[in-house]
Amino acid sequence: MTDNSFDPATSDPRWQAAWDDAQTFRADSNSPKPKSYVLEMFPYPSGRIHMGHVRNYTMGDVLARYKRMTGHEVLHPMGWDAFGMPAENAAMEQGVHPGGWTRANIDHMKTQLKRLGFALDWSRELATCEPEYYGHEQALFIDLYEAGLVYRKESEVNWDPVDMTVLANEQVIDGKGWRSGAEVEKRKLAQWFLKITDFAEELLDGLGKLEDWPDKVRLMQENWIGKSSGLEFSFDLSNGDKLPVYTTRPDTIFGASFVAVAADHPVAQGVAADSQAARDFIAECKRGGTTAAELDTAEKLGFDTGITARHPFSGADLPVFIANFVLMDYGTGAIMAVPGHDQRDFEFATKYALPIPRVVAASADEADKAFTGEAEAGEGVLVNSGFLDGMAVDDAAREIIRRLEAEGRGAGKTVWRLRDWGVSRQRYWGTPIPFIHCEKCGVVPAAKDSLPITLPDDVDFRTPGNPLVRHPTWKHTSCPECGGAAERETDTLDTFVNSSWYFLRFASQPADQPCDREEIAKWLPVEQYIGGIEHAILHLLYARFWSRALSHIGLIDVQEPFASLFTQGMVTHETYSRAQDGRAVFYTPAEVKRTGDGAVLQDDGEPVEIGRVIKMSKSKKNVVDPDTIIARYGADAVRWFVLSDSPPERDLPWSEAGIEGCGRFVHRLWRLFAQHGANVQGGVQGADEALDRHIARTVVAVAEDIEALAFNKAVARIYELTSAVEKSPASASRSAAIATLVQLSAPMMPHLAEEAWHALGQDGLVADAPWPAVDPALLVEDEVTIAVQHRGKLRDTLTAPKGAPKDQLEALALGSEKLQRSLDGAEVRKVIVVPDRLVNIVT
RNA sequence: GCGGGUGUGGCGGAAUGGUAGACGCCGGGGACUUAAAAUCCCCUGAGCUUUGCUCGUGCGGGUUCGAGUCCCGCCACCCGCACCA
């Protein structure tokens, strides 16, 4: 080896081709090795990959390559979440077909991913927009229907009257359609739903077993499912009606001083029918924002209906208000308000001068203690509550439920926040819902042998509305039951359905069914799933639901598809801008040159303002293009950068200086390998024990770091070992260290590692090499450094034999000149000895 | 407002209750070179009366022989949200 430079432009493609030719990363379902399924969330084919993808897929890749080296049969697939609105937007804006646009994007992005040298099994690639995928999804949808997990009901949508289309929430801006600017209407449509609520309890319980999921994600899902238990009972109203309310604090029932209903509650509507004031108030409630933050800070408002509600125990007449803080779609849309023990009720009661009785106190003798400006939601004993007095909160709640149930006036009830999943989308670019509307037979599933029901290609997006509805022939078919003329369902499925089972199809892709039970059992669950926190709730909950639902119908036997979940941080970059006509104009990093602590625009040399480091986004122009970076530094430098420095769960600030440093390190490593190749021919002898120990330590530590996904730490250790090897004189140990270093860096810098492996004269691919073995004897240190402290402050460090007895360490420490100077003759009162660590002298 | 998280040099960050700042970036100095680039070596938390000492992990307390780490109370920022009765 005489060539002293490493050229990624020629080396990267060479090794990528070598892996392809050898089908190195093809997963064998029949392998006897232990399996490992490593999966990253598959991308939406938007057109180009971004740094977030690079970071996500590099993490998974390092793990996949490492797992291969440690003797696992690894499944590491890739595919495309290929249905969705951006393709239809492109169709409308650019006049291209969504399918053509999507497939071109896939081609391009696949090329980009290949440039990064990912160890992917491309033979299992799938795109959800292909009939080979969505046809099976249609079959699954029919299966779920037959199992009673699919139904239709009326539901409200955002309707854009100009574009004649349904809008997603994110497409409604200030109540107007994002494209047309038209006032959005609420329309009721019959839509398809999946019965996720049947699995609410299971999905909640299952979270407890997902120990390798972030607590944060589990908590978010728990809150989303939102189980609460309480009491539902009815008040008798002064107008003769009954008003059912739901409460989670039945124990505080004697503290109820008013009753409140939501603005769209039937009672409110009834009052509004002949009261202009009520109508005005209801309109006002609807004007305010509906987010939690808005509502929380908004003033509590109420409208006294004049109706009263008879308290079920005290018999008191409580006023009934319409209140802006009561939600119609939770519980019964009406509450008993207990101001003493609920902060919202407290604020309301204070504002409208309603009584605030105390019914829970720390002890019985504090029954009349005043409130200190806020409600008390804590534990205690019941007071001022008749037959409940003296009881603990939990016991009182049970007693109230028992009594009301015995009297047939109410019942304990569990209420969930989780609602059924609406999967209908009135769009073209999605999986056609495999149902047929027949005038005679009603809505019937398509025959399984008629699947896939494919999308028509001859559509145009110049006319408003869903092309499937407008298409001259597509929807016309015959009824599978009676054979008569019938129409296809023109709704398509939510794209979250596509991503709810793709990980199954990766593991097993028979032609005649969605997946094979045995093969699924072989590969699932996914050992490590990696993706963004933005999918913490919906995607991950839906995927868990689908696994359960498909298990429920006997297709697979997987309750939890993802054994371990990791959510990586975002890739960020500082922003560059100038104020122009009172607005900020942003510039891309490529247009800007950093100058020490400032930055100037390349074009005019004038300064630009350096803004906050935030997530890369097109609108702020703080993006760097992976292709440009790969072209300049090579794939390995980019991979190394996204693994370095920042812990993977935190944000990664991209910087030009940082990637340059990584590029330098790649070449530095190469020089080490290349020089060694030149030197080794003499056959170097001799051992270097310190280096041997360092290698052994590093091999173990890097393995631990990779398994913990602590890539930044693994990187630091490789830096350290590199420096140590560079500084060490020629020896057999050094030769061994260099081969080891190649193996250690192989998961992270696979191209360089292959090139070096080859140059060192090793056979085959380093991708197929095992993880380096370690002699356990080398991990045992025989000398340790002891810290010598005086009153907890470091005064000296000493070397001592490992395992030295306490008195020996104490004597050694007391012999330290530096310590004695610090002691300055003071009386030693106590000596703390921590074996192999430190001696602390207390005076 | 509620829930969760984070806070350590100029920057990204290390650190089972036991030597704070590993490793990288930036910066400074030097070597090599006609010169530059590349590369290599050294320095790089602050302060001071500099063989060394003092201070220092958002702020204020506490526990401990010893606290970045544990406890209590604050502050700032980030993320999530559904007034869930």
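Source: prediction; values computed, not measured. Letters A, B, ... mirror the listed sequences (proteins, then strands); counts begin at 1.
Contact check of residues 799-815 of chain A against RNA chain B (heavy atom, cut-off under 4.0 Å) returns no residues at all.
Within 90° of 0 lies the glycosidic angle of B/G9, which makes this nucleotide syn.
No contact: A/Gln343 has no heavy atom under 4.0 Å from any strand. Contact annotation for A/Tyr246: base contact, defined as any heavy-atom pair under 4.0 Å involving a base atom. Contact annotation for A/Thr785: base contact, defined as any heavy-atom pair under 4.0 Å involving a base atom. Within 4.0 Å (heavy atoms only), A/Arg717 reaches no atom of the nucleic acid at all. Among the heavy atoms of the strands lying under 4.0 Å from A/Val834 is at least one base atom, whether or not backbone atoms are also near. Residue A/Val338 is classed as having no contact, given no heavy-atom separation below 4.0 Å to the nucleic acid. Counting non-hydrogen atoms under 4.0 angstrom, A/Leu219 reaches the backbone sugars and phosphates but no base.
Comparing B/A22, B/G4, B/U19 by their nearest atom to the side chain of A/Lys216 picks out B/G4.
Remark: aromatic rings of A/Phe6 and A/Phe673 are distant, center separation not under 6.0 Å. Aromatic pair A/His341/A/Phe346: ring centres not closer than 6.0 Å. In summary, the aromatic rings of A/Tyr633 and A/Trp640 are positioned with their centroids too far apart to meet the 6.0 Å limit. For A/Tyr352 and A/Phe258, the gap between ring centers reaches or exceeds 6.0 Å.
With salt bridges taken as basic N to acidic carboxylate O contacts below 4.0 Å, one links A/Glu347 and A/Lys300. Ion pairing between a basic and an acidic side chain is recognised when a charged N comes within 4.0 Å of a carboxylate O; A/Lys227 and A/Glu222 show no such pairing. Of the charged side-chain nitrogens involved, none lies within less than 4.0 Å of a carboxylate oxygen, so that A/Arg671 and A/Glu726 do not count as a salt-bridged pair.
In a base pair of the Watson-Crick type (N1 to N3 plus N6-O4 or O6-N4) or a G-U wobble (N1-O2 and O6-N3), with each distance short of 3.5 Å, B/C2 is matched with B/G80. As the counterpart of B/G47, B/C53 is assigned, both hydrogen-bonding distances of the Watson-Crick or G-U wobble pattern falling under 3.5 Å. Across all strands shown, B/U39 forms a Watson-Crick or G-U wobble pair, both distances under 3.5 Å, with B/A31. Nucleotide B/C23 forms a pair with B/G12, judged by Watson-Crick or G-U wobble geometry with both contacts under 3.5 Å.
B/G58 and B/G13 have their P atoms separated by 14 Å, given to the nearest Å. As rounded to the nearest Å, B/A15 and B/U69 have C1' atoms that lie 9 Å from one another.
Side chains of A/Tyr719 and A/Ser644: a donor-acceptor N/O pair is absent below 3.5 angstrom, by distance only. One side chain, A/Asp420 or A/Thr197, offers a donor N or O that lies under 3.5 Å from an acceptor on the other.
Rounded to an integer number of Å, the gap from CD of A/Glu656 to C1' of B/C25 is 13 Å. Here B/A85 presents its C1' atom at 13 Å from NE2 of A/His265, a figure rounded to the nearest Å. A/Glu222 places its CD atom 11 Å from the P atom of B/G4, with the value rounded to the nearest Å.
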For nucleotides 40-55 of chain B, just jot down a letter per nucleotide in 5' to 3' order: B, S or -, based on protein non-hydrogen atoms under 4.0 Å.
S----------SSSSS
For ring-ring contact (aromatic ring centres under 6.0 Å, His included), just list the numbers for A/Phe641 and A/Trp654, CA-CA rounded to whole Å, side-chain angles, deciding distance to a tenth of an Å, and then say yes or no.
CA-CA 9 Å; A/Phe641 181 92; A/Trp654 183 273; 4.2 Å; yes
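Under the 6.0 Å distance and 45° angle rule, A/Arg409 counts as a cation-pi partner of A/Phe313.
Along RNA chain B, the nucleotide nearest A/Thr797 and the nucleotide nearest A/Ala716 are compared for position; the residue whose nucleotide lies closer to the 5' end is A/Thr797. Across the interface with RNA chain B, nearest-nucleotide mapping of A/Ser655 and A/Ile841 shows A/Ser655 to be the residue nearer the 5′ end.
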Atom pairs, protein N/O to nucleotides 9-14 of chain B N/O, distance under 3.5 Å:
residue, atom, partner, partner atom, Å
B/G12, O2', A/Ser646, OG, 2.7
B/G12, N2, A/Asp645, OD1, 2.9
B/A14, OP1, A/Asn712, ND2, 3.4

